[in-house]
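Below: the structure, in structure tokens.
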Protein chains: 2
Amino acid sequence: MSTRAVRKEEEENLLRRADDLCRQNNLRLTPIRERVYRELVQSGGPVGAYDLVDRLSSDKKRLAPVTIYRALDFLRDAGLVHRLATQNSYVVSHGQPDVNAMKIMFVDSKTGETIEVHSTEVAEAVRKAAEQAGFKSVSPFMEVEGELNRQS
Amino acid sequence: MSTRAVRKEEEENLLRRADDLCRQNNLRLTPIRERVYRELVQSGGPVGAYDLVDRLSSDKKRLAPVTIYRALDFLRDAGLVHRLATQNSYVVSHGQPDVNAMKIMFVDSKTGETIEVHSTEVAEAVRKAAEQAGFKSVSPFMEVEGELNRQS
DNA sequence: TTATTTTTGATACAAAGTAGCAAAACGAAA
DNA sequence: TTTCGTTTTGCTACTTTGTATCAAAAATAA
């Protein structure tokens, strides 16, 4: 099986799982919301909101930015998508939600490429630091910039 | 000694250290740069760029945003200031630069209040996670949202 | 001093995100 | 299935955040 086909399959997995998650939580994965999610999945990386506007607009119909932002808000609330604040962009969240793990989104400083890693060890260490700081709870998501090993 | 006086003293410490650091690294802490830094120090928390524009502008002379951004870029490069991407704001970096520690800026989701904590434990755990992700190096700074214990 | 680099000022612009309100679609209840 | 309330979408305009460009001024080096 080609890597192309594998990727296609992975895309469908994500879509199906998103669908299930929404069904189970009584959330409505409406057409635009699904289109936005699908576009993010297919892109394979972070995409800017206005880029999504362009990609999901046709010649006949130009979507308003607010439409995309609303879809993104929904997807973020559902935990399906992360916002990369340092990049002003949005990216699909991978991996099953493990409550005890920290979701770390590593962002390559050069290319903007991202890789998501879940770590309970980091979660534990951050919780400890948070306690020191007088924080009672912390977001299970964080973003770290760094340099990806280039395998050219 | 009043807490007010203590704070004033701390401010002067920071200013002096910034001055030293720049001198030692052949960086020019020019008047606007120092004014921006001082304003951030005095505010005691994160401040937006356009807020700085307002605060540092007089009736006679209105600073251009780009002037502030340039000063902020300088201060960030020097490691004196952090940008809080999730808040679109800028905050003074505290603590002596410990190369092995992760600088974690905890941001209160409600108020935007920040507390900086340095942790070698987090740094170590993140490094390990980064290796898994195929990253060879990571930024020594990160931002985590959470909820501060309210001691009303 | 003169030449070179760095910093600042000024104008305009680009990019990212939001407010507010009306129309449409949906879902539940009668 | 019609009515009613809620959620979602469309539309227009707007706010906030951040940059590009190029000339003037200031600092540094030769």
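Bear in mind the structure is a predicted one, so any value in this text is a computation, not a measurement. In what follows, every chain begins at residue 1, and chains take the letters A, B, ... in the order their sequences are listed.
Side-chain N/O atoms of A/Tyr90 include one lying less than 4.0 angstrom from OP1 or OP2 on C/dG17. Regarding contacts with the backbone of D/dG18, a side-chain N or O of B/Asn88 is found under 4.0 angstrom from either OP1 or OP2.
Between the CG atom of A/Leu84 and the P atom of C/dA16 there is a distance of 13 Å, given to the nearest Å. Between the P atom of D/dT16 and the CG atom of B/Leu52 lies a distance of 15 Å, rounded to the nearest Å. Straight-line distance from the CG atom of A/Asp73 to the P atom of C/dA19: 11 Å, rounded to whole Å. Taking atom CD of B/Gln87 as the reference point, atom P of D/dG18 lies 12 Å away to the nearest angstrom. Between the OH atom of A/Tyr69 and the C1' atom of D/dC14 there is a distance of 14 Å, rounded to whole Å. For the pair B/Asp54 CG and D/dT15 C1', the interatomic distance rounds to 14 Å; values are reported in whole Å. Remark: C1' of C/dT5 and CG of B/Asn26 are 14 Å apart, rounded to the nearest angstrom. The distance from atom CD1 of A/Ile68 to atom C1' of D/dT9 is 12 Å, rounded to the nearest whole Å.
Separating the NE2 atom in A/His82 from the OG atom in A/Ser89 is a distance of 12.0 Å, to the nearest 0.5 Å. Expressed to the nearest 0.5 Å, how far CG of A/Leu14 lies from CG of A/Leu40 amounts to 11.0 Å. Note that the CG atom of A/Leu84 and the CZ atom of A/Phe141 stand 5.5 Å from one another [nearest 0.5 Å].
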### Task
Please assess A/Met105 against A/Ile115 for the test side-chain contact (heavy atoms from CB on, under 4.5 Å), listing each intermediate value before the final yes or no.
CA-CA 6 Å; A/Met105 194 65 81; A/Ile115 293 176; over 6 Å; no

If you restrict it to nitrogen or oxygen atoms, what contacts under 3.5 Å exist between nucleotides 6-9 of chain C and the protein, and what is each distance?
unit_1: C/dT7; atom_1: OP1; unit_2: B/Arg33; atom_2: NH1; d: 3.3
unit_1: C/dT7; atom_1: O5'; unit_2: B/Arg33; atom_2: NH2; d: 3.4
unit_1: C/dT8; atom_1: OP1; unit_2: B/Thr30; atom_2: OG1; d: 2.6
unit_1: C/dG9; atom_1: N7; unit_2: B/Arg70; atom_2: NH2; d: 2.6
unit_1: C/dG9; atom_1: O6; unit_2: B/Arg70; atom_2: NH1; d: 3.3

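A/Arg83 comes within 4.0 angstrom of sugar-phosphate atoms only, judged by non-hydrogen atoms across all strands, and of no base.
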Determine all donor-acceptor pairs shorter than 3.5 Å in which one atom belongs to a side chain in residues 63-70 of chain A; sequence neighbours excluded.
unit_1: A/Thr67; atom_1: OG1; unit_2: A/Ala64; atom_2: O; d: 3.4

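Under the stacking definition used here (centres under 5.5 Å, planes under 30°), the residue B/Tyr50 qualifies as stacked on the base of D/dT17.
In summary, B/Asp20 and B/Arg16 do not engage in a salt bridge, as defined by a charged side-chain N under 4.0 Å from a carboxylate O.
A/Thr86 and A/Glu145 share no side-chain donor-acceptor pair at under 3.5 Å.
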